[in-house]
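In what follows, chains carry the letters A, B, and so on, assigned in the order in which the sequence lines appear, proteins first and then strands, with residues in each chain numbered from 1. For clarity, every value in this text was computed on a predicted model and none was experimentally measured.
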Amino acid sequence: MDIPKQYDPKQAEQDHYERWEKLGFFAPEINRDPNAPVYSIVIPPPNVTGSLHMGHALQHTMMDVLTRYKRMSGYRTLWLMGMDHAGISTQLMVTRELKKERLTRHDLGREAFIERVWKWKKESGGQITRQMRREGASVDWSREKFTMDEDLSYAVREVFVRLYEEGMIYRGNRIVNWCPNDQTVLSDLEVQKEPQAGKLYYLQYPVKGSDKRVTVATTRPETMLGDTAVAVNPEDERYGDLIGATLTLPLTDREIPVVADGFVDPEFGTGAVKVTPAHDPNDYDMGMRHNLAQITVIDPQAKMTEAAGADFAGLDRYQARTKVVEKFEELGLLEKVVDYEFSISKCERCKTVIEPLTSTQWFLHMDKLRDLALDLMSREKKPRFVPEVPHEKVYTNWLENLRDWTISRQLWWGHQIPAWYTPDGEVIVARSEAEAREKGGTGELTQDPDVLDTWFSSALWPFSTLGWPQETDDLKTFYPTSVLITARDIIFLWVSRMVMTGMKFIGERPFDDVYITGTILDPHGQRMSKTKMNGIDPLEVFDRYGVDATRLKLASVGSTDVRWNDKQVESYRNFANKIWNATRFCLLNSEGAAIDPGTVKGATADLALHDRWILSRLNKTARDVSAALADYEFHEAVQTLYHFFWDDLCDWYIELTKADVTNEVVSKQRDEARTRLISVLDQALRLLHPFMPYITEDLWLRLPGAHAELLHQAYAGAEPTIMLAAYPEANADLIDEEAEWQMQAVIDLISRVRNIRSEMNIKPSERVRVLIGAPDGKLRSVLTANTNQISRIVRASEVSIQETLDAPRASARAVLVGGAEVAVPLEGLIDFEQERLRLSKEKEKLKAEAGKLEAQLGNPQFAERAPAEKVAELRARISDIAQRTTQLDQTIANLE
RNA sequence: GGGCACGUAUGUCAAUGGUAGACGGCUUCCCUUACAAGGAAGAGGUUGGGGGUUCGAGUCCCUCCGCGCCCACCA
């Protein structure tokens with residue numbers, strides 16, 4: 001057998017995924033058990049324009065771990081993959097392509113443009129689907145969805161119509177967030193606030209019929225051209241007599257009133273506020289309260305309109321600002337300009353400053369939907385956020401303060417709003433044009449040109465992807481889904497909306513749990529971003545360290561933010577190599593053996609200590625990993641597996657069983673030892689598989705054994721793969737505390753002797769005599785039973801175990817558990833002074849520990865109030881330390 | 001302006017109120033027939049400061065310092 005000494009991840013990554021996919025292992029249909037429990041996850045649909053970044057890799061790893069774990073545990077598992085049409089992003093992507101051909105989308109026209117987008121999608125979209133295959137993601141490709149698919153689009157129209165018919169969707173003219181660059185309205189969630197260093201301009205407006213002036217402070221002087229009032233606080237004594245007065249609005253021929261409104265903060269600025277209802281959300285509300293006119297002075301291109309006056313019409317908003325300020329200065333009406341930092345709203349995508357405009361749009365009333373989500377939380381505590389704090393509260397708070405959702409967008413790429421207008425301007429909302437014609441009784445219909453916010457279709461994802469509004473088997477089987485795994489930043493945009501629509505249209509929660517992952521920051525603690533160019537490409541990391549190692553690192557990220565560090569991936573790469581070589585050892589010594597799960601399922605009385613011990617460790621590991629995954633403690637699961645494999649299996653079990661396994665003489669005993677080892681390895685690989693799919697599959701298939709017979713019964717008859725092998729379940733009967741204690745004693749002895757060898761600078765090649773005095777009979781028999789192993793591992797020429805120690809004075813010594821002592825004769829090698837120092841140091845350590853413990857026990861209230869179990873535990877520890885200390889004292893005395 | 005996290009070994013991170021750990025790095029020794037991407041043995045901590053609750057605090061409470069995130073209509 002020829003196996004390289006180093007693991008090459010690329011080979012395994014190339015060899016298995018295609019086979020898994022082709023054989024249908026990812027699809028729930030692979031499960032033949034009609035009574036199998038169900039586990040389902042819908043993927044947060046990546047944008048069709050997107051490529052894999054660390055955040056994806058992180059989420060996908062966690063989803064895949066859970067999916068593979070549940071699949072191996074016999075669940076009917078579905079991890080549903082799909083992509084989002086990503087309205088603005090995709091439209092921009094294609095618009096940019098057109099620009100290279102010196103074309104605009106308007107040159108093509110709507111229909112041709114949309115065709116072009118589909119063409120782009122077909123040719124260049126969905127890069128991420130290839131990258132996800134590299135990740136090893138076990139998503140069911142046969143059910144892959146796209147938010148613009150015909151069936152999903154139908155679901156969108158169905159929802160729209162139903163909400164409209166219930167009066168929850170309405171069309172209205174209101175002030176909205178407008179992006180002058182993208183030429184579309186945006187929802188509040190797509191607007192980003194950024195601090196901005198700017199100026200606060202103090203403008204004076206003359207009072208009509210008086211020489212008094214009122215000073216208002218503003219960050220946007222250009223909007224004064226659309227002012228229709230000045231507002232003051234009704235309680236503000238400074239302005240009491242001005243309320244109701246008329247002001248002459250400079251630069252225009254208009255006169256505006258002074259109104260009283262509680263919104264105005266007398267402390268800020270001058271206490272008088274200019275009111276521009278058409279260009280500021282607050283002013284808009286104030287305007288509604290006081291019946292003020294809305295004068296639109298800025299157009300959708302962010303240029304001044306005719307209404308701004310001849311001097312300004314056509315100017316850009318910032319040019320207009322300069323000009324307004326100049327004019328005020330000329331007129332002597334500019335009181336002062338001060339530096340001022342405020343926050344400015346920008347388009348999340350293109351960073352253009354948002355212009356608040358009044359515009360006719362479609363809105364969704366959120367009150368009733370919000371209540372559905374809030375009720376679900378208060379009644380059933382669903383969804384269960386993990387971690388609960390702070391996400392549940394943030395989610396609930398946000399819902400409580402929810403405002404109407406602007407759902408229309410002035411784009412071409414997306415779900416066109418299913419509303420048609422008759423020549424008379426009547427609005428008909430319908431599932432199709434045919435239905436609209438029928439409803440309207442006329443064929444002359446024009447469909448609303450707008451499309452829906454991308455998040456509108458995303459909000460339906462957990463049920464639209466399963467076939468709703470049809471009552472499909474998939475919908476019945478997989479809804480509600482088990483868990484949603486996603487990042488913090490879309491709790492509002494997406495999670496909350498799925499809950500609301502799920503409750504509204506299915507009447508049930510879309511998922512039980514929501515696991516919110518942490519964020520992976522760059523090595524300096526900065527967020528990774530395209531603009532900062534500090535992103536770390538997961539595919540490069542895959543290339544350098546392998547997919548499995550990267551997944552292990554990602555799985556241990558958990559829910560707190562972490563800084564990326566290659567070193568950690570490197571250490572998991574080393575771990576993969578360790579797995580490789582441990583298996584290599586087993587394979588090199590596998591003749592006469594085959595995987596036999598039976599050998600690890602029941603302990604027989606005549607098993608050696610290390611065999612009983614590894615079974616105990618194995619079952620504890622299975623227990624702990626399952627418990628950790630049940631609580632989404634991925635980090636804990638990884639640690640448990642890592643230490644089981646490396647420490648327990650490699651460092652100890654393989655070493656202890658080596659003598660039997662590598663015996664050159666063919667024997668039943670040798671074959672049994674080999675079978676046990678390979679069977680333990682089989683279990684270990686299965687435990688690791690959800691985290692490290694490639695290496696485990698690669699190695700597992702090489703192990704001798706009838707692989708097809710090792711599959712979980714739900715997959716009987718499938719092609720062999722570790723993916724469908726039963727996930728090890730803990731058997732409490734095999735957790736053997738007695739064996740663990742005994743093994744610990746052996747490990748302790750070996751460590752002590754190794755320590756002596758190291759501290760005394762004994763050459764590795766040199767054999768030593770190991771003399772043990774163990775007054776406790778049980779310990780004595782445990783050590784005696786393992787003399788061969790001990791001797792082998794510490795390279796002893798002799799291991800002698802007596803009731804009392806009988807060793808030459810010139811020996812290095814150490815104290816063991818239960819008052820036992822070990823001595824290594826070192827005639828001529830030992831420096832007595834140094835040995836005394838070494839032992840004294842150890843004694844000091846023990847004394848310090850004993851001191852702390854005794855102080856605790858000495859506190860009368862401890863014994864009184866602490867649980868009896870804790871007190872007993874403490875007493876036991878103290879007595880053990882005392883025993884060791886006494887023994888050390890004697891040992892030191894003997895050196896004198 | 002509100003709200004929420006976080007601060008633990010040199011680095012990155014763990015620890016249901018009960019002996020503070022892991023990995024990396026560092027020191028010493030070893031290419032011992034699975035693995036030098038390895039083995040063995042070590043060093044390294046008043047858990048950001050201060051106060052409190054408790055028999056017992058990294059963990060709960062208060063406060064200060066530091067870093068970060070989210071929400072918000074002070075022009």
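When the C1' atom is used for both B:rC4 and B:rG44, the distance is 35 Å, rounded to whole Å. To the nearest whole angstrom, the two C1' atoms, one in B:rG7 and one in B:rA15, are 16 Å apart. Using P as the reference atom, B:rC30 and B:rC67 are 48 Å apart when rounded to the nearest Å. The C1' atoms of B:rC74 and B:rA5 are separated by 28 Å, rounded to the nearest whole Å. For the P atoms, the distance linking B:rU32 with B:rA36 amounts to 10 Å, nearest Å. Between the C1' atoms of B:rU47 and B:rC35, the separation comes to 37 Å (whole Å). Taking atom P in both B:rU59 and B:rU46, the straight-line distance is 16 Å, to the nearest Å. A gap of 25 Å separates the C1' atoms of B:rC65 and B:rA14, to the nearest Å.
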* Once each nucleotide of nucleotides 70-75 of chain B is scored for protein heavy atoms under 4.0 Å, what B/S/- sequence comes out, 5' to 3'? -> -S-BBB
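Comparing B:rG18, B:rA40, B:rC4 by their nearest atom to the side chain of A:Pro867 picks out B:rG18. Here the nucleotide nearest the side chain of A:Ala582, chosen from B:rA34, B:rC23, B:rU12, is B:rA34. Here B:rC30 is the nucleotide among B:rC23, B:rC30, B:rA14 with the atom lying nearest to any side-chain atom of A:Pro764. Comparing B:rG24, B:rC4, B:rG18 by their nearest atom to the side chain of A:Phe862 picks out B:rG18. Of the candidates B:rC4, B:rC23, B:rA40, B:rA40 carries the atom nearest the A:Arg754 side chain, counting heavy atoms from C-beta on. The side chain of A:Arg795 lies closest to B:rU32, out of B:rU32, B:rC13, B:rC23.
A:Asn574 has a side-chain polar atom (N or O) that falls below the 4.0 Å cut-off from OP1 or OP2 of B:rG38. The side chain of A:Trp652 places no N or O atom within less than 4.0 Å of a non-bridging phosphate oxygen (OP1 or OP2) of B:rA40. Put simply, A:Arg877 has no side-chain N or O that comes within less than 4.0 Å of OP1 or OP2 on B:rU19. For A:Lys578, a side-chain nitrogen or oxygen approaches OP1 or OP2 of B:rG39 to under 4.0 Å. For B:rA34, the OP1/OP2 oxygens have a side-chain nitrogen or oxygen of A:Lys658 closer than 4.0 Å.
Residues A:Trp652 and A:Asp647 bring no donor and acceptor atom of their side chains to less than 3.5 Å of each other. A donor and an acceptor atom, one from each side chain of A:Asp698 and A:Tyr7, are nowhere located under 3.5 Å apart.
Closest non-hydrogen pair, A:Gln204 versus A:Phe328, comes out as O-CE2, 3.6 Å.
Residue A:Cys650 is in base contact, counting any heavy-atom pair closer than 4.0 Å across all strands shown. Backbone-only contact: A:Lys567 has heavy atoms under 4.0 Å from sugar-phosphate atoms and none from a base. A:Asp651 comes within 4.0 angstrom of sugar-phosphate atoms only, judged by non-hydrogen atoms across all strands, and of no base. Counting non-hydrogen atoms under 4.0 angstrom, A:Asp561 reaches the backbone sugars and phosphates but no base. Residue contacts for A:Glu655: at a heavy-atom cut-off of 4.0 Å it reaches a base atom on one of the strands shown. Counting non-hydrogen atoms under 4.0 angstrom, A:Lys393 reaches the backbone sugars and phosphates but no base. Note on A:Arg573: a base of the nucleic acid sits closer than 4.0 angstrom, heavy atoms only.
Look at A:Arg220 and A:Asp280 and you find no salt bridge, because none of the NZ, NE, NH1 or NH2 atoms lies under 4.0 Å from a carboxylate O. In this structure, A:Asp339 pairs ionically with A:Lys199, as a charged nitrogen and a carboxylate oxygen lie closer than 4.0 Å. By the 4.0 Å N-to-carboxylate-O rule, A:Asp880 lies close enough to A:Arg884 to be salt-bridged with it. Salt-bridge formation is detected for the pair A:Arg544/A:Asp566: a Lys NZ or Arg NE/NH1/NH2 atom is positioned less than 4.0 Å from an Asp or Glu carboxylate oxygen.
At whole-Å resolution of the value, CG in A:Leu641 and C1' in B:rC23 are 15 Å apart. The nearest whole Å value for the distance from the CG atom in A:Asp631 to the P atom in B:rU16 is 12 Å. The CG-P distance, from A:Asp624 to B:rA14, rounds to 19 Å in whole Å. Rounded to whole Å, the distance from CD on A:Gln856 to P on B:rU19 is 9 Å. In this structure, A:Tyr642 places its OH atom 11 Å from P of B:rA22, rounding to the nearest Å. Atom pair A:Tyr395:OH and B:rC69:C1' shows a separation of 21 Å (rounding to whole Å applied). Atom CD1 of A:Ile491 is separated from atom P of B:rA5 by 13 Å (rounded to the nearest Å). If you measure from atom CE of A:Met760 to atom C1' of B:rA40, you get 16 Å, rounded to the nearest angstrom.
When each of A:Glu759 and A:Ser556 is assigned the nucleotide of RNA chain B with its nearest heavy atom, A:Ser556 is the one assigned upstream, toward the 5' end. In terms of position on RNA chain B, the residue among A:Pro9 and A:Thr583 whose nearest nucleotide sits closer to the 5' end is A:Thr583.
Under the Watson-Crick or G-U wobble criterion, with both distances below 3.5 Å, B:rU59 is left unpaired in every strand shown. Both distances falling under 3.5 Å, in either a Watson-Crick or a G-U wobble arrangement, occur for no nucleotide opposite B:rG44. B:rU8 is unpaired under the criterion used here, namely a Watson-Crick or G-U wobble arrangement in which both key atom distances are under 3.5 Å. The partner of B:rG2 is B:rC70, by the rule that a Watson-Crick or G-U pair needs both atom distances under 3.5 Å. Of all nucleotides present, only B:rC30 satisfies the Watson-Crick or G-U wobble test against B:rG38, with each distance under 3.5 Å.
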* Asked: Can you check side chain to side chain contact (heavy atoms under 4.5 Å, CB included) on A:Arg877 and A:Leu853, steps first, answer last?
  -> CA-CA 8 Å; A:Arg877 270 171 54 210; A:Leu853 299 180; 2.9 Å; yes
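Between the side chain of A:Gln6 and the base of B:rA37, at least one donor-acceptor pair of N or O atoms lies under 3.5 Å.
Note: A:Phe691 and A:Tyr572 fail the aromatic proximity criterion, with ring centroids not under 6.0 Å apart.
Distance CG/A:Leu521 to CZ/A:Arg527: 7.5 Å, rounded to 0.5 Å.
Other residues, nucleotides and ligands contribute over 12 non-hydrogen atoms within 6.0 Å of the CD atom of A:Gln526.
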